[in-house]
**Q** 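Okay, handing you the structure first.
Chain A is the first sequence line, chain B the second, and so forth, proteins listed ahead of strands; every chain is numbered from 1.
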Amino acid sequence: MNHWLFKSEPEEFSIDDLKRVRKEPWTGVRNYQARNFMRDQMRVGDLGFFYHSNCPVPGIVGILRIATPASADRLQFVPDSDYFDPTSDPANPRWACVDVAFERKLARTITLDELKARDDLGDFALTRRGNRLSILPVTTAQWSTILNLE
DNA sequence: GCCAACGTTGGC
DNA sequence: GCCAACGTTGGC
């Protein structure tokens, strides 16, 4: 099984939002590397951390599960959407997304500060300098180390 | 193919 | 709100 980390701004879509709707297409990814993770590497049943970014206390707040294989992100064809891409061809859509399902909230937020302070996570994509990816891979070792902090 | 300009991300 | 870092765009 592969593990992932999904960033979301809680003012846009929080772990509580996912808990309420149970399942949600992860639309709006407009970065090729992040898209490729969803399209090429994610498998139904993979687990991911739900990370709150751009907020007072950035950190990991919950766990989600990949619920569907990637399919076309419908928002790329919605002219009124912030994520509209007029250059995407409906016959060959550029952007894809998986559906994610709520798994559980963590008992507490594992903060970015805490993660940065650790020296046992190895090369962790989240704390790499200048990292801006909204979806990133987490190794099995990192996954269990982080979960043990809960 | 280079690279400057620009837009976005996201911590602070 | 600032700004460092980085991806993308487009002129050449």
**Q** Between A:Arg94 and A:Asn131, which has a closest nucleotide on DNA chain C that is more 5'?
**A**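 Result of the comparison: A:Asn131.
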
**Q** Starting at CG of A:Asp113 and ending at C1' of B:dG11, how long is that distance when rounded to a whole Å?
**A**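 Roughly 10 Å, once rounded to whole Å.
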
**Q** With ring centroids as reference points, do A:Tyr32 and A:Trp95 lie under 6.0 angstrom apart?
**A**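 When the ring centroids of A:Tyr32 and A:Trp95 are compared, they turn out to be within the sub-6.0 Å range.
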
**Q** Give me the one residue out of A:Asp73, A:Asp85, A:Asp89 that meets salt bridge (Lys or Arg N to Asp or Glu O under 4.0 Å) with A:Arg94.
**A**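 The single option meeting the salt bridge (Lys or Arg N to Asp or Glu O under 4.0 Å) with A:Arg94 is A:Asp85.
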
**Q** Roughly how many Å is it from CD in A:Glu9 to P in B:dG10, rounded to a whole number?
**A**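 Result: 7 Å.
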
**Q** Please state how far atom CZ in A:Arg35 lies from atom C1' in C:dG7, giving the value in whole angstrom units.
**A**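 It is 14 Å, rounded to the nearest whole Å.
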
**Q** Using OP1 and OP2 only, check whether a side-chain N or O of A:Lys116 sits under 4.0 Å from B:dC12.
**A**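 It does, given that an N or O in the side chain of A:Lys116 lies less than 4.0 Å from OP1 or OP2 of B:dC12.
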
**Q** Below 4.0 angstrom from OP1 or OP2 of B:dG10, is there any side-chain N or O of A:Lys7?
**A**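 Yes, because at least one side-chain N or O of A:Lys7 sits under 4.0 Å from OP1 or OP2 of B:dG10.
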
**Q** Report yes or no: do A:Met1 and A:Ile66 belong to one cluster of Ile/Leu/Val/Met/Phe/Trp/Tyr joined by side chain heavy-atom distances under 4.5 Å?
**A**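 Looking at the clustering, A:Ile66 is in the same group as A:Met1.
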
**Q** What is the distance from CG of A:Leu126 to P of B:dT9, rounded to the nearest Å?
**A**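 Those two atoms, CG and P, are 16 Å apart.
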
**Q** Nearest whole angstrom, please: distance from the P of B:dG10 to the CG of A:Leu5.
**A**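 Those two atoms, CG and P, are 10 Å apart.
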
**Q** Using the ring of each side chain (for Trp, its six-membered ring), is A:Phe6 parallel, tilted or perpendicular to A:Trp26, with breaks at 30° and 60°?
**A**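 Perpendicular, since the angle between the ring planes exceeds 60°.
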
**Q** Does B:dG11 have OP1 or OP2 sitting under 4.0 Å from an N or O in the side chain of A:Tyr51?
**A**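 It does, given that an N or O in the side chain of A:Tyr51 lies less than 4.0 Å from OP1 or OP2 of B:dG11.
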
**Q** Rounded to the Å, how far apart are A:Leu115 CG and B:dG10 P?
**A**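 Atom-to-atom, A:Leu115 to B:dG10, this comes out as 15 Å.
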
**Q** Can you check the A:Asn31 CG to B:dT9 P distance for me, whole Å?
**A**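 It is 10 Å, rounded to the nearest whole Å.
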
**Q** Please tell me which of the listed nucleotides, C:dT8, B:dG10, C:dA5, lies nearest to the side chain of A:Arg129?
**A**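 The answer is C:dA5.
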
**Q** Using whole Å, report how far CG of A:Asn54 lies from C1' of C:dC3.
**A**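 From A:Asn54 CG to C:dC3 C1': 13 Å.
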
